[in-house]
Amino acid sequence: MSSKLIAPSVLAADFGNLQRDVEMINNSEADWFHIDIMDGVFVPNISFGMPVLKAISKHANKTIDTHLMIVDPDRYIQTFADLGTNILTVHYEACTHLHRTLQAIKAAGMKAGVALNPHTNINVLEDTLQDIDLVCIMSVNPGFGGQSFIENTYSKVSALKEMIIRKKANTLIEIDGGVTDQNAKQLTDAGADVLVAGSFVFKSENQTETIKKLKAIANS
Ligand code: DX5
Ligand code: ZN
């Protein structure tokens, strides 16, 4: 069985010490950098934009997994490729022509991800699954770090895993929101491949150790 990945969310980092926190991730057992881009329209909050991602990319030495919580994401596909993104995730709810958007992300040299809000059923991806490298199941309503995990996520993960197997797709399942040591194992047992963790990592005493522990639990 392939190993389960941990993607710390930089949204929860200390922006006054951003380089320090990026180096912490570089030197930890984390697998990816998770970057949350919010526009204040698709979600109520505004996070950070291109100049900050550019600064992160300059120091990051791991896969950059960018989660766009913005309307009309097609406008920025090339920009995020140029900023060093390896996996670009758009929201299903923000894309009128999802299939076209996925092709455009791949044409720009990135892997293509689709995020689903908690209210969106996985069945909407039946006809595009083979074109999707990663499905990000939102386990909170997007827009803020530090929210509580929505329990319905487990059954969503199992159902998506079944669909991936049935369709013989090569799609990773990522979970985003409220991930802790308390739900990590149940999520990976249900079929999750990548766990995003913001507050759980950055609010802990020893962040490097927390990442290591979370990864061990996810792979136990
Ligand atoms: C929420 C973001 C998440 C967030 C997760 O809209 O997409 O990536 O940073 O933060 P925690 O782990 O604190 O729920
Ligand atoms: Zn995210």
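No experiment lies behind these values; they were computed from the predicted model shown. Counting starts at 1 for both ligands and their atoms, following the listed order. Numbering starts at 1 and runs along the sequence shown.
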Engineer: I'd like the contact residues of ligand 1, where contact means a heavy atom below 4.0 Å.
Structural biologist: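 Under the 4.0 Å cut-off, ligand 1 touches Ser9, Leu11, His34, Asp36, Met38, His67, Met69, Met138, Pro142, Gly143, Phe144, Gly145, Gly146, Asp176, Gly177, Gly178, Val196, Ala197, Gly198, Ser199.
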
Engineer: Cut-off 3.5 Å, side chains only: do His34 and Asp176 have a donor facing an acceptor?
Structural biologist: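 Yes - a donor-acceptor pair under 3.5 Å links their side chains.
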
Engineer: For the residue pair His91 and His67, does the interplanar ring angle fall in the parallel (under 30°), tilted (30 to 60°) or perpendicular (over 60°) class?
Structural biologist: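 Judged by the thresholds at 30° and 60°, the geometry between His91 and His67 is parallel.
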
Engineer: Verify, without hydrogens or angle tests, whether Gln130 (side chain) and Lys167 (backbone) share a donor-acceptor contact under 3.5 angstrom.
Structural biologist: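 Present.
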
Engineer: Is any protein N, O or S atom closer than 2.8 Å to the Zn ion (ligand 2), and if so, which?
Structural biologist: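 N, O, S partners closer than 2.8 Å: His34 NE2, Asp36 OD1, His67 ND1, Asp176 OD2.
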
Engineer: Taking the basic N atoms (NZ, or NE/NH1/NH2) and the acidic carboxylate oxygens, is any pair closer than 4.0 Å for Arg100 and Asp74?
Structural biologist: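 No, no charged N to carboxylate O under 4.0 Å.
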
Engineer: Mind checking whether Phe149 and Tyr154 have ring centres under 6.0 Å apart?
Structural biologist: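 Here the rings of Tyr154 and Phe149 have centres that are less than 6.0 Å from each other.
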
Engineer: Would you say the side-chain atoms of Asn27 and Glu23 include a donor-acceptor pair closer than 3.5 Å?
Structural biologist: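 Looking only at side-chain atoms, Glu23 and Asn27 do not form any donor-acceptor pair under 3.5 Å.
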
Engineer: Any side-chain donor paired with an acceptor under 3.5 Å for Ser139 and Thr153?
Structural biologist: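 Side chains of Ser139 and Thr153: no pair found under 3.5 Å.
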
Engineer: Please tell me whether Glu93 and Thr120 have a donor and an acceptor in their side chains that are separated by less than 3.5 angstrom.
Structural biologist: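 The criterion, which ignores hydrogens and geometry beyond distance, is satisfied for Thr120 and Glu93.
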
Engineer: Only one of Leu53, Val10, Ile87 forms a side chain to side chain contact (heavy atoms under 4.5 Å, CB included) with Ile64, so which one is it?
Structural biologist: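 Between Ile64 and the candidates, side chain to side chain contact (heavy atoms under 4.5 Å, CB included) is satisfied uniquely by Leu53.
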
